[in-house]
Amino acid sequence: MRRKIVAGNWKMNKTLSQGHILVDEILSLTNVSTDILKIIAPPFIHLASVSEQLSSRTDFAVAAQDCHHINSGAYTGEVSAEMIASSGAKFVIIGHSERRLYAAENNELLAQKVNIALANNLSPIFCIGENSDERNANIHLEAVRTQIKEGLFHLSPADFNKVIIAYEPVWAIGTGLTATSHQAQGVHNFIRTEINKKYGKEISENCSILYGGSCNASNAKELFSCIDIDGGLIGGASLKSADFAAIINSY
Ligand code: PEP
């Protein structure tokens, strides 16, 4: 279902007690509002505890930052979708550019992760986005099209309906360089049009497409006011309660 969503990806930051303090502060700085779904993506090891901490707030949910593509077995150090679901998390980020870069995850593997997440009742937050070379060569739309086609377009309409997309131009992640609202809206509209071509109008209109990449309290309002932008996936600014709450409250 198309929802307004603000998600915070903590990446490899925060001890458990630091995470609990951050969550408490975010709760105290934001109103209970089911209009906007707030998602917190802590490290794996904090998932159960943060899920428990947020259990009384129906406007908050928890996401993992990744999952393995197989459900169980001899994969030392890995975490399965089934384990994530058992922690209370409802979402899982798949295909973040840092996973694509540092763990060499390709679209074929990511499609398997999407499948296993859905099989375990987790909604994937599927990240796509061009790098700076692709943007400079003006092939960013083709790059994004390939990512959604290879990562998601094998899904049935019913399964695709459970997916959230995060458009995160790689050149904007953690760099302080935000896409302009015009640039972001252009790509979001392109993504929605591609979904429409594949799955039809109703499913394309239902799909939440988030923007990510140096989104902060000063630029969130303008970005979120664009017709095809349904909220944000926030990295750095989600680690400070005042900044993250200001982004939520600006929506
Ligand atoms: C991200 O890593 O998903 C992200 C959007 O990071 P930042 O907000 O720090 O650019």
Side-chain angles (χ1 to χ4, degrees), residues 4-14 18-19 22 26 36-44 46-47 50 61-67 89 91-105 110 113-114 117 123-132 134-135 140 143-144 147-148 151-152 163-181 183-185 187-188 191 208-224 226 228-251:
K4 295 178 175 185
I5 298 170
V6 178
N9 175 11
W10 293 0
K11 310 191 183 188
M12 197 174 70
N13 292 292
K14 303 292 176 191
Q18 289 168 344
L22 177 57
I26 293 166
I36 303 167
L37 174 65
K38 281 77 73 177
I39 300 177
I40 306 282
F44 285 133
H46 305 337
L47 282 174
V50 171
V62 171
Q65 298 172 17
D66 181 37
C67 66
F91 296 86
V92 54
I93 298 172
I94 293 177
H96 190 278
S97 63
E98 286 150 17
R99 300 289 316 168
R100 291 178 187 262
L101 180 65
Y102 303 131
E105 295 191 350
L110 297 175
K113 292 190 177 206
V114 167
S123 290
I125 302 173
F126 191 74
C127 300
I128 55 176
E130 80 282 2
N131 61 32
S132 56
E134 289 162 336
R135 169 63 67 165
H140 51 289
V144 161
Q147 289 170 334
I148 40 176
L152 295 176
V163 173
I164 294 162
I165 292 179
Y167 167 60
E168 302 204 300
V170 180
W171 49 269
I173 294 181
T175 58
L177 293 172
T178 318
T180 63
S181 53
Q183 286 173 320
Q185 164 58 25
V187 180
H188 281 234
I191 295 165
S208 295
I209 308 175
L210 314 184
Y211 170 79
S214 299
C215 189
N216 57 42
S218 333
N219 57 32
K221 197 176 178 62
E222 186 180 336
L223 284 160
F224 297 171
C226 296
D228 287 301
I229 300 182
D230 306 305
L233 177 54
I234 319 296
S238 74
L239 296 172
K240 293 192 186 132
S241 54
D243 292 355
F244 192 57
I247 292 172
I248 293 165
N249 294 333
S250 75
Y251 205 165

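Start at 1 and go down the list; that is how both ligands and their atoms are numbered. Residue numbers start at 1 and run along the sequence shown.
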Inset, instruction - Indicate yes or no: at least one non-hydrogen side-chain atom of I128 is less than 4.5 angstrom from one of R100. - result: yes
Legend entry - Parallel, tilted or perpendicular, as decided by the 30° and 60° cut-offs, for the rings of Y211 and H188: tilted
Legend entry - Gap separating the CD1 atom of I229 from the CD1 atom of I209, nearest 0.5 angstrom: 9.5 Å
Inset, instruction - Check whether the side chains of W10 and Q65 place a donor and an acceptor atom closer than 3.5 Å, and report yes or no. - result: no
Inset, instruction - For residues E105 and D66, determine if any side-chain heavy atom of one lies less than 4.5 Å from a side-chain heavy atom of the other. - result: yes
Inset, instruction - Start with the C-alpha gap between S214 and T175, add the side-chain angles, then the distance that decides, and say whether side chain to side chain contact (heavy atoms under 4.5 Å, CB included) holds. - result: CA-CA 7 Å; S214 299; T175 58; 3.9 Å; yes
Ligand 1 N/O to protein N/O, distances under 3.5 Å:
from	atom 1	to	atom 2	distance (Å)
ligand 1	2 (O)	K11	NZ	2.4
ligand 1	2 (O)	H96	NE2	2.8
ligand 1	3 (O)	H96	NE2	2.9
ligand 1	3 (O)	E168	OE1	3.1
ligand 1	3 (O)	E168	OE2	2.7
ligand 1	8 (O)	G235	N	2.9
ligand 1	9 (O)	G236	N	2.8
ligand 1	10 (O)	G174	N	2.7
ligand 1	10 (O)	S214	N	2.7

